Amino acid sequence: MLEFNNEHKSINGSLKNQKNKVKIRNFILGGVVVASIFLFSGCVKNVECNIIGPHAHKYVSELSYDKYMISEKEHEGKWVRTDDYISISKNMEELIEFENKNGLYRISLNEDNIAETVSSHIDTVEYRYQYRW
């Protein structure tokens, strides 16, 4: 609570000075918030691409799965762009967008990873018995 003297000034300084301090503090906090949004927004720079016509670049995940994406960015989430690309038609573009939108992987691109994953699982046999009394 502010206490005022007979000159209508607070004991801690004039109200105008305190309002200015609040404005400066709010301005600094706003700057920090805006800066953190830009720093941590995941903005990724585009990679220069000289390929003419519709095409899709191959991206690789941390687990070495491959996927084609229609993008010129260096990273798409956890996917990293490679130098490989394919020329695509309009139908192929729609298929690639559908795969990426639904989190699907093309088996033909990932056969080795799928085989490795399957071979690492241990086969088990399950027996079921049914009794009648």
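None of the values given here were measured: they were computed from a predicted structure. Index from 1, following the sequence.
- Within the model, atoms CD1 of I96 and CG of N91 stand 11.0 Å from one another, a figure rounded to the nearest 0.5 Å.
- A donor-acceptor contact shorter than 3.5 Å links the side chain of N113 to the backbone of S64.
- The closest side-chain heavy-atom distance from S89 to E94 is not below 4.5 Å.
- Residues passing the side chain to side chain contact (heavy atoms under 4.5 Å, CB included) test with V60, sequence neighbours excluded: D66, T82.
- Sparse packing is recorded around CG of D112, with 12 or fewer heavy atoms of other residues, nucleotides or ligands lying under 6.0 Å away.
- The structure places CG of D84 at 5.0 Å from NZ of K58, a figure rounded to the nearest 0.5 Å.
- Using a 4.5 Å cut-off on side-chain heavy atoms (C-beta onward), H75 and R81 make no contact.
- The two residues S71 and H57 come nearest to each other via the heavy atoms O-CD2, 3.2 Å.
- Considering only heavy atoms from C-beta on, R106 comes within 4.5 Å of L95 through its side chain.
- Taking Ile, Leu, Val, Met, Phe, Trp and Tyr as hydrophobic and joining them when side-chain heavy atoms fall under 4.5 Å apart, one finds Y85 in a cluster with I51.
- Scanning all heavy atoms of the two residues, the minimum distance from Y59 to E74 falls at CE2-O, 4.2 Å.
- Considering only heavy atoms from C-beta on, L109 comes within 4.5 Å of Y68 through its side chain.
- When side chains are defined from C-beta on, W79 counts as touching K67, because their heavy atoms get closer than 4.5 Å.
- Taking the side chain as every heavy atom from C-beta outward, T117 and Y65 approach each other to under 4.5 Å.
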For E72 and H55: C-alpha separation, side-chain torsions, deciding distance, then whether side-chain hydrogen bond (donor to acceptor under 3.5 Å, both in side chains) applies. CA-CA 10 Å; E72 301 300 334; H55 61 280; 3.0 Å; yes
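- The CD1 atom of I114 sits 9.0 Å away from atom OG of S108, with the distance rounded to the nearest 0.5 Å.
- If you take CD on E97 and CE on M92, they are separated by 12.0 Å, rounding to the nearest 0.5 Å.
- We find the CG-NZ distance between L63 and K78 to be 9.0 Å, quoted to the nearest 0.5 Å.
- Hydrophobic clustering, with ILVMFWY side chains joined whenever heavy atoms are under 4.5 angstrom apart, keeps F98 apart from I70.
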